[in-house]
Amino acid sequence: MARNKEGLVLLLDVGPTMHNALPEIKKVCSMLIQKKLIYGKFDEVGVVLFGTQETDNELTKEVGGYEHVVVLRNIKVVDGDLVDAFQELPRGNLDGDYLDAIVVGMDMLIKKYQATNKGKKRLCLITNALCPIKDSCEGTKEDQVGTIAAQMSAHGMKMESVIVRGRLSGVGDQRIMDENDRLLNIFSEKTFAKAVYVESPIALLGAVKTRNISPVTIFRGDLELGSKMKIKVNSFLGDSLIRSTTELGHPNLSAALWEHTRGPSQVNSVKTVISWRWSLSLMSTLIKLIGTSAGLYFIEVLIKQWADAVFVLSCHKPVTHATPTVQHQYAWNLWHLRLPTSQVWVYKKTSEEKFPTLKKYSDKAPSTDRFATHEVKVDYEYKSVEDPNKVVPPEQRIKGYRYGPQVVPISSAEWDAVKFKPEKSVKLLGFTDASNIMRHYYMKDVNIFIPEPGNARAALAVSALARAMKEMNKVAILRCVWRQGQGSVVVGVLTPNISEKDSTPDSFYFNVLPFAEDVREFQFPSFSSFPASWQPNEQQQEAADNLVKMLDLAPSAKQEALLPDFTPNPILERFYRHLEMKSKHPNAAVPPLDETLKAITEADPDLLSEKKNVIDAFSKSFELKENPRLKKSSKLLLQGKPSGSDEEKIYQDATNVLAVKPVKVEKIGDSSPVQDFEAMMSHRDSPDWVSKAIQDMKNKIYSLIENFHDGDNHGKALECLLALRKGCILEQAGLLYLLDVLVSKSEPKQFNDFLRHLFNVSQEKKLRNFYESLIPKGLTLISKSEAIDSEVTDDEARNFLVKKELKFE
């Protein structure tokens with residue numbers, strides 16, 4: 001069987017109380033099959049309905065009972081027909097018994113897979129649990145559920161229950177609802193099952209697990225506390241702590257650790273019975289002592305060995321050095337005191353769901369060939385410059401990297417010699433207060449650290465460390481190299497995750513932290529620096545506060561809307577639906593956005609109508625003015641305003657606050673000619689700057705073309721020419737407002753004359769490659785449609801490069 005092949009049975013309640021939710025159930029079940037057709041085309045799915053008038057299942061025929069349960073589809077490989085079957089889902093007229101449906105579904109999985117496929121057999125129950133289940137013939141209902149749960153565990157089955165309540169469900173008897181909730185909770189306690197309660201179509205769409213992703217560890221190894229102290233497999237923390245303190249020659253730490261034992265008479269009992277409370281106390285002492293006078297010396301020695309240490313635990317109240325007593329001898333000789341080992345496994349906790357990988361499709365295969373793969377394969381051949389007909393084999397090829405005008409070859413052996421190859425490890429750099437690590441520091445996905453499954457000693461050690469960190473409100477900073485030979489090193493924060501269930505061990509969440517190069521600091525001016533007339537008054541501030549509160553997705557009095565765990569990606573969901581339509585109708589158009597998905601992407605109309613007074617109050621508090629479409633300079637904005645007016649003064653004050661005064665550019669340099677040209681064009685203290693900027697840019701382009709050799713200045717010359725064209729168009733548009741400047745020579749005409757002259761120069765110097773590069777850039781004459789002052793029509797501009805290209809032939 002395939003490694004990730006899953007056997008799934010859907011148990012759907014179609015009774016009268018579920019009729020309102022059936023349209024949404026059809027959508028979510030169809031979406032589940034659509035995703036399986038992409039990601040799990042070998043998965044097998046069966047469908048069981050309960051609450052129907054009819055009865056059709058094998059258990060009824062074999063042993064009797066299990067009435068009003070219908071097997072709509074036996075377990076088989078997913079196909080497009082199943083999507084159509086959900087669109088015609090029947091409606092029942094009787095109250096269904098979900099326990100009967102669970103037993104029928106289990107029977108189908110057992111008969112289909114027998115003892116194989118353990119862990120890949122799943123039941124998915126969708127019901128509102130408003131109807132009572134039948135009394136058991138033997139024992140109580142709780143005993144019946146316990147027996148079913150035991151059989152589930154024995155056959156390696158999992159179950160998820162989606163309980164529909166709220167708007168999607170009718171009103172039921174509270175006593176019956178509480179009883180059903182209690183029974184479903186027994187499944188969660190005694191087997192691999194979970195129950196999810198949903199109250200909206202959006203939550204229902206995201207509650208059903210549509211993809212079966214098998215977790216894969218990204219790291220398996222030891223958590224290193226230092227070169228002389230590790231939480232290591234087949235080694236124990238008690239030994240490591242005592243040995244490390246002894247070797248460092250500092251007995252105070254050993255004495256402090258010994259205070260948490262019960263004296264030398266307890267050593268033999270500690271060998272056989274390990275106290276979890278002692279482990280927690282020991283971990284707490286270790287974390288505290290890293291900040292004491294004794295611990296500072298201890299951690300200082302370790303930090304010297306950790307060149308990349310970035311955080312150290314904050315100091316606590318120092319302790320005085322004590323004279324070693326007889327207890328220290330017991331501490332030094334605690335070779336038999338053994339704390340559980342802990343090898344950690346690291347999984348990805350969350351990951352971004354991306355679009356499925358799209359492949360190229362070839363229609364060249366004959367339509368009659370049933371075995372055609374329609375794959376498109378791309379092969380590359382490398383040929384010699386001296387002999388274009390000769391193919392260079394792989395062993396004669398070497399990578400080259402451009403360094404200025406040269407290409408530097410670097411062989412694979414040289415690459416391996418200079419590569420950074422850190423050892424696979426997870427090392428503790430130190431502890432810090434949880435308040436020092438802000439939420440917005442987190443990068444990338446979240447990983448989870450768990451103790452080695454089945455290793456009780458590892459679970460005890462991890463639990464002791466996690467609970468000690470939680471008690472002290474500390475987090476750990478780690479340096480991680482997940483794989484041997486991995487080039488990148490990750491530094492992140494380890495946050496304790498204390499389990500609420502006895503059957504689930506404690507763990508850690510790991511988030512990647514940014515390096516200094518990853519931080520981008522953007523400085524914005526303070527609102528207090530704006531003029532007083534721009535500052536909001538109390539009424540405006542209150543209206544804005546009320547608007548923000550109205551848009552809060554997690555108000556205190558209501559349930560949070562759009563919960564991340566239950567909110568699907570609307571773009572992906574729409575893509576899957578369209579893909580399913582295209583598979584049946586290749587010419588199908590993109591369907592309109594589904595109402596459920598529209599509720600995710602658009603504002604809630606009920607909320608808008610309910611809070612209309614808040615929106616109106618915000619609108620009335622602010623005066624809206626139309627922004628002019630054409631961009632004008634600061635002088636043009638104030639044109640027509642009397643000198644010294646209030647508006648002019650306010651504008652100048654705001655400009656002085658916000659504007660960053662640049663260095664005045666007086667000529668176009670070699671390093672950044674485009675930026676220098678734009679800076680000169682923006683000068684408004686004299687009209688001569690525009691003419692000077694255009695003339696300097698012309699000279700720069702001439703210089704680049706004259707020194708044009710083997711394409712060295714190819715890109716820079718094109719950039720300068722594009723900047724000159726753009727500047728002439730924008731400047732001509734701005735000058736239309738200044739009648740006294742219109743008599744000057746038109747900037748578009750200057751550019752057009754220059755481009756024609758440039759063509760003649762290129763033709764004389766036989767620079768055909770440079771001129772051909774203008775065609776894909778669309779770099780031609782400025783036409784009347786771009787600048788009204790131009791004398792060139794659109795046809796002349798389009799045909800310019802075509803005619804010039806023919807002259808090169």
Side-chain angles (χ1 to χ4, degrees), residues 10-34 47-54 68-70 72 82-102 123-133 160-181 183-184 195-210 558-563 565-568 570 573 577 591-602 604-607 609-610:
L10 294 171
L11 311 175
L12 307 180
D13 187 352
V14 295
T17 58
M18 288 288 292
H19 287 179
N20 291 337
L22 283 183
E24 302 302 329
I25 292 176
K26 294 177 184 179
K27 294 178 185 178
V28 70
C29 292
S30 299
M31 182 59 61
L32 184 148
I33 303 304
Q34 290 165 12
V47 181
V48 174
L49 308 179
F50 61 98
T52 60
Q53 180 69 41
E54 302 80 11
H68 312 299
V69 179
V70 174
L72 182 66
L82 185 55
V83 178
D84 297 333
F86 283 123
Q87 304 307 316
E88 301 177 358
L89 206 61
R91 298 192 172 206
N93 52 11
L94 295 174
D95 295 337
D97 189 327
Y98 61 84
L99 281 187
D100 284 351
I102 291 175
L123 296 169
C124 180
L125 172 66
I126 303 179
T127 181
N128 55 14
L130 296 183
C131 305
I133 63 171
E160 56 184 12
S161 304
V162 180
I163 316 301
V164 181
R165 296 283 167 81
R167 291 179 296 172
L168 296 175
S169 178
V171 180
D173 189 334
Q174 188 63 42
R175 181 184 59 81
I176 297 175
M177 294 166 61
D178 294 341
E179 180 187 50
N180 287 331
D181 293 345
L183 295 177
L184 290 172
V196 177
Y197 293 83
V198 298
E199 297 185 0
S200 66
I202 297 175
L204 176 60
L205 191 61
V208 177
K209 180 182 175 182
T210 55
K558 297 182 180 179
Q559 184 183 10
E560 180 179 356
L562 301 181
L563 288 166
D565 291 342
F566 301 132
T567 304
E573 301 298 313
R577 294 183 183 182
L593 191 63
D594 182 77
E595 291 299 325
T596 304
L597 300 180
K598 190 180 293 185
I600 302 175
T601 58
E602 298 180 1
D604 185 2
D606 295 336
L607 177 64
S609 60
E610 180 183 351

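This is a predicted model, so every value here is computed, not measured.
- Taking every heavy atom of both residues into account, Leu11 and Ala101 meet most closely at CD2-O, 3.5 Å.
- Between the side chain of Arg91 and the main chain of Val14, no donor-acceptor pair closer than 3.5 Å is present.
- Within a 6.0 Å radius of CD in Glu560, other residues, nucleotides and ligands contribute more than 12 heavy atoms.
- Of all heavy-atom pairs between Ile176 and Cys131, the closest is CG2-C, 3.8 Å.
- In this structure, Lys598 does not pair ionically with Asp604, as no charged nitrogen and carboxylate oxygen lie closer than 4.0 Å.
- The distance from atom CD of Gln174 to atom CG of Leu130, rounded to the nearest 0.5 Å, is 10.0 Å.
- Atom CD1 of Ile33 sits about 11.5 Å away from atom CG of Asp84, to the nearest 0.5 Å.
- For the pair Asn180 and Ala129, the tightest heavy-atom approach, listed with the atom from each and the gap, is ND2-O, 2.9 Å.
- With values rounded to the nearest 0.5 angstrom, Leu10 atom CG is found 10.0 Å from Leu125 atom CG.
- Panel note: side chain His68, backbone Thr52; a donor-acceptor pair is recorded below 3.5 Å.
- Rounding to the nearest 0.5 angstrom, the gap separating the CE atom in Met31 from the NZ atom in Lys26 is 15.5 Å.
- The CD atom of Gln34 lies 12.5 Å from the NZ atom of Lys27; values are rounded to the nearest 0.5 Å.
- Counting only heavy atoms from C-beta outward, the side chains of Glu24 and Thr596 approach each other to under 4.5 Å.
- When each of Asp13, Asp95, Leu12 is tested with Phe50 by the rule side-chain contact (heavy atoms from CB on, under 4.5 Å), just one qualifies, namely Asp13.
- Rounding to the nearest 0.5 Å places SG of Cys29 at 10.0 Å from CD of Gln87.
- Nearest heavy-atom pair, Ser161 versus Leu184, reported as atom, atom and distance to 0.1 Å: OG-CD2, 4.1 Å.
- Annotation for Asn128 and Ile163: closest pair O-CG2, 3.9 Å, computed over non-hydrogen atoms.
- Summarising the geometry of Pro90 relative to Leu49, their closest heavy-atom pair is CG-CD1, 3.5 Å, with the distance given to 0.1 Å.
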